[in-house]
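Since the structure comes first, as structure tokens, the remarks are kept for the end.
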Amino acid sequence: MSRVPRIATEAQQGYTFSRRAWLLGTAQIGVGALLVTRMGWLAIAENERYSSLSESNRVNNTMIPPRRGWMVDRNGHPIADNRTDFRVDIIPDRVEDLDRTLALLQKLLDLTPEDLLRVRADLKKAAGFQPVQVIDNISWERFAAVQVRQPELPGVAPTRGFARNYPAGAAVAHLTGYVGTATAEQFKATKDPLLVTPGFKLGKDGLEKALEKELRGTPGAKRVEVTARGKLVAELATRPDIPGKTQKLTIDAGLQEYAARRLGTNSGSAVVFDCLTGEMLAMVSMPAYDPNSFSAGISHLEWEMLSANDHVPLMNKVTQGLYPPGSTVKPMNALALLEAGVGPDERIFCSGSLRVGTGVFHCHKRRGHGPLDMRSAIAQSCDIYFYEMVRRLGYDHVAPIARMVGLGQKYDLPLTTQRYGTVPDSAWKRRKYKSDWTVADSLNASIGQGYVLANPMQLAVMAARIASGRSIQPSLLAGHVHRDAAALAVNPDHLRIVREGMWKVVNGGGTGGASRMYVPGVQLAAKTGTAQVRRITMAERRSGVLKNASLPFRLRDHALFICFAPADNPRYAAAVVLEHGGHTVRNLDSPMIGRDIMTWLFDRDRAIKSLAEVEPTWGGDIRTRMAAEADAYRKAANAAESEAGLATETDAPAPTDAPAVEAVTRARNANADETPGDIANTGGVAGTTGSPESTTPER
């Protein structure tokens, strides 16, 4: 069926046309409104962004690393400062032709083949955005030559700035730590562009790390006008950086360097305190690394050398080293005995050994000391006296005094590596070993062996508290000194008796005669110590205990020394700990080292003269010995031209976290657990000959 056509009237046609025109007009208005809105958005809201993009086509903005705040000693002398540095880096992501770039840089900077090997090795390992150092500390002429040719060298970043400098080198390494470039992980975590700015370095260890916030400062910005091809047209206004804040330390830089040199070839540490304020005047751990070398970028070969050294130069022995304190705790034990009611004039007869049950505990003097009172027992370091007295008293009466004078304590210091040691008692042993405290445990602890462990800083605090009679708190920052420390909760007369015993150690025919000072009007009070680190069987004891000089380095006893001066009015206190020192070399032994360090505080010329007489016999000063050691290691490794050996060690952890340090720590922890049983089973600690002494052996 056919459909009837529909006839549109004139009115209908007019209506349809009007509706379509209205829809089209509305759409046109909508599009226009969108265009106007977008133009307004771009012109107003996005104005700053597009102005910046436009400006960036004409102007290059480069961050300027902030100058790091200085560290200065108590007298304002620099411990860590900044030197002007012209350097050249490569940013891998921006390099177009690496071979051509390196060839041109070799010509402009007079690079050696070893330099090129190192740069290529570093580029292979670097993240694309991380600057790789080509060379630093170059002359202005060479720096300017690269800067002029920069349009031909995409990815090359010549930087004029400041480099960290440590005037005393290795002498302050474990105090200050060092600075280095940020890792890829640090950048990814923060996305802070400053971390990948050529020339910027942050604290990696020590005070540099602990005080990073205060030392860093605020970066500046450099603006230069360039052509479309990147050619320099003009330098524009530059926003200067804001330097970090200078940090004043309580350290005496002169004493710090002297103590480091006086430790000689030992693996050891020295700590010095002001007895009146608790200010730390020196904190030395040797041997050490050169923080200048680390900050510039240590090579893989040098890292291996430091890691393999059996003297563990990567460890901060002051805070990370834990040692049986040996006889240095006997003055503290005497104080505990006095507080418990033991009379100072009561005598104990020393025959050279003491039988306890089925075991025999020996004195270091094989034939014994005869009858001794407390002062003489301290002076002669008689083991039998303290064995017998502590057996009667019980070590639970000694442990609280040990904690009072600083052992086993944590101190509020800007140091990230503190190990606190152990002050054992019966409750501690039940918690740790699920067993009861024994008489043998008390005897071992009474001579600073067995479970007792302390770090050198704690030993120095112990000496300072006994000397001052106050609960001094260690401080490293001059603005955070804990003055007016409270008096120790002990009888002042008891402290006087202990100090008299320590005076006799040095000046009354005791074991520390080698530490006698020759400064008019100043006498030293001290206590020597030896700590066993190996098992001594009964068979060896019957045939004769091997002397330290006959043993490998790792099996020798530790040599310890605590002291204060002047003995009659104490002002300074110190502790010296020599790992495996064994009392084998007189001028490298702890008493003479302690004597010279304390002498420096009263008569510097005399102390320096004493050092000058012996230092040449050790192979020269610290820098000379380190250079000779590095040269010998390089020759032995036969890696002077090896790409792997020359490559910068970018993945190395902070020295105090190094695998070599962790390995030593694990070994010592294991030894600390085993030694108490060994001592108990074999009848006490080893007898030693100690340092050569005109009267009695050193203990």
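Values reported hereafter were calculated over all heavy atoms of this structure, with side chains retained and with hydrogens, waters and symmetry mates removed. What you see is a predicted model; the values in this text were computed from it and never measured. Residue numbers start at 1 and run along the sequence shown.
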Among residues two or more places apart or on two chains, list those pairs meeting side chain to side chain donor-acceptor pair (under 3.5 Å) that have a residue in residues 165-180. D81-N165, Y166-E208
Charged N to carboxylate O below 4.0 Å: is that the case for K635 and D631? yes
Inter-residue atom distance L207.CG - I79.CD1, 0.5 Å rounding: 8.5 Å
Determine whether E212 and R68 satisfy the following criterion, salt bridge (charged side-chain N to carboxylate O under 4.0 Å, His left out), listing intermediate values before the conclusion. CA-CA 9 Å; E212 172 65 24; R68 201 164 177 81; 2.6 Å; yes
Pairwise side-chain contact, F143 with Q147, heavy-atom cut-off 4.5 Å (strictly under): yes
Can a donor-acceptor pair be found, under 3.5 Å and without considering hydrogens, that links the side chain of T246 to the backbone of V72? no
side-chain hydrogen bond (donor to acceptor under 3.5 Å, both in side chains) evaluation trace for S295 with N292: CA-CA 5 Å; S295 296; N292 293 299; over 6 Å; no
Check the side chains of S267 and E579 for a donor-acceptor pair under 3.5 angstrom, ignoring hydrogens and angles. yes
Nearest 0.5 Å, what's the OG1-CE distance between T319 and M457? 6.5 Å
Take R118 and D122, measure what salt bridge (charged side-chain N to carboxylate O under 4.0 Å, His left out) needs, and give me the verdict at the end. CA-CA 6 Å; R118 176 188 55 78; D122 291 350; 3.5 Å; yes
Can you check whether Q418 reaches L413 side chain to side chain, under 4.5 Å on heavy atoms? yes
Check whether any side-chain heavy atom of L588 sits under 4.5 Å from a side-chain heavy atom of W618, and report yes or no. yes
Evaluate the salt bridge (charged side-chain N to carboxylate O under 4.0 Å, His left out) criterion for residues D241 and R67: first the C-alpha distance (whole Å), next the side-chain angles of each, then the deciding distance (0.1 Å), finally the verdict. CA-CA 7 Å; D241 64 298; R67 285 163 290 175; 3.1 Å; yes
Distance only, no hydrogens: is a donor on one side chain within 3.5 Å (strictly under) of an acceptor on the other, for D73 and Q256? no
Hey, what's the ring geometry for H558 with Y323, parallel, tilted or perpendicular (30° and 60° as the breaks)? perpendicular
Is there side-chain contact between L281 and R74, with at least one heavy-atom pair below 4.5 Å? yes
SB check D89 R87 (cutoff 4.0 Å): yes
Residues R625 and D621 bridged, charged N to O under 4.0 Å: no
Can you pull out every salt bridge (charged side-chain N to carboxylate O under 4.0 Å, His left out) where at least one residue sits in residues 137-146? Sequence neighbours excluded, please. D110-R142
Please test Q106 against D115 for side-chain hydrogen bond (donor to acceptor under 3.5 Å, both in side chains), starting from the C-alpha separation and ending with a verdict. CA-CA 9 Å; Q106 182 179 25; D115 290 331; over 6 Å; no
Side chain proximity check, E152 to L104, heavy atoms < 4.5 angstrom: yes
Which heavy atom of N316 sits nearest to which heavy atom of M283, and what is that distance? ND2-CE, 3.7 Å
Rounded to the nearest 0.5 Å, what separates atom OG in S269 from atom CG in L263? 7.5 Å
Is the number of heavy atoms from other residues, nucleotides or ligands within 6.0 Å of CG (D192) greater than 12? yes
Under a 3.5 Å cutoff, is there a donor and acceptor pairing between the side chains of T584 and N548? no
Restricting to ring-ring contact (aromatic ring centres under 6.0 Å, His included), what partner residues turn up for F162, sequence neighbours left out? none
Side chains of L255 and I597: closer than 4.5 Å at any heavy-atom pair? yes
Can you tell me how far the CD atom of E114 sits from the OG atom of S299, to the nearest 0.5 Å? 12.5 Å
Looking at OG of S475 and CZ of F273, how far apart are the two atoms once the value is rounded to the nearest 0.5 Å? 8.0 Å
Go through L477 and K248 one step at a time and tell me if the side-chain contact (heavy atoms from CB on, under 4.5 Å) criterion holds. CA-CA 6 Å; L477 301 178; K248 187 174 183 178; over 6 Å; no
Given the rule in the salt bridge (charged side-chain N to carboxylate O under 4.0 Å, His left out) test, do R83 and D85 qualify, once you have shown the distances and angles that lead to the verdict? CA-CA 6 Å; R83 58 173 172 80; D85 182 45; 3.6 Å; yes
Taking only Lys NZ, Arg NE, NH1 and NH2, and the carboxylate oxygens of Asp or Glu, determine whether D596 and R262 approach each other closer than 4.0 Å. yes
Test item: V134 and L109 side chains (from C-beta on) under 4.5 Å apart, heavy atoms: yes
Within the 4.5 Å heavy-atom criterion, are V95 and P154 side-chain neighbours or not? no
Between the side chains of E302 and S293, does any donor sit under 3.5 Å from an acceptor? yes
Measure the spacing between CG of L194 and CZ of R216 and express it to the nearest 0.5 Å. 6.0 Å
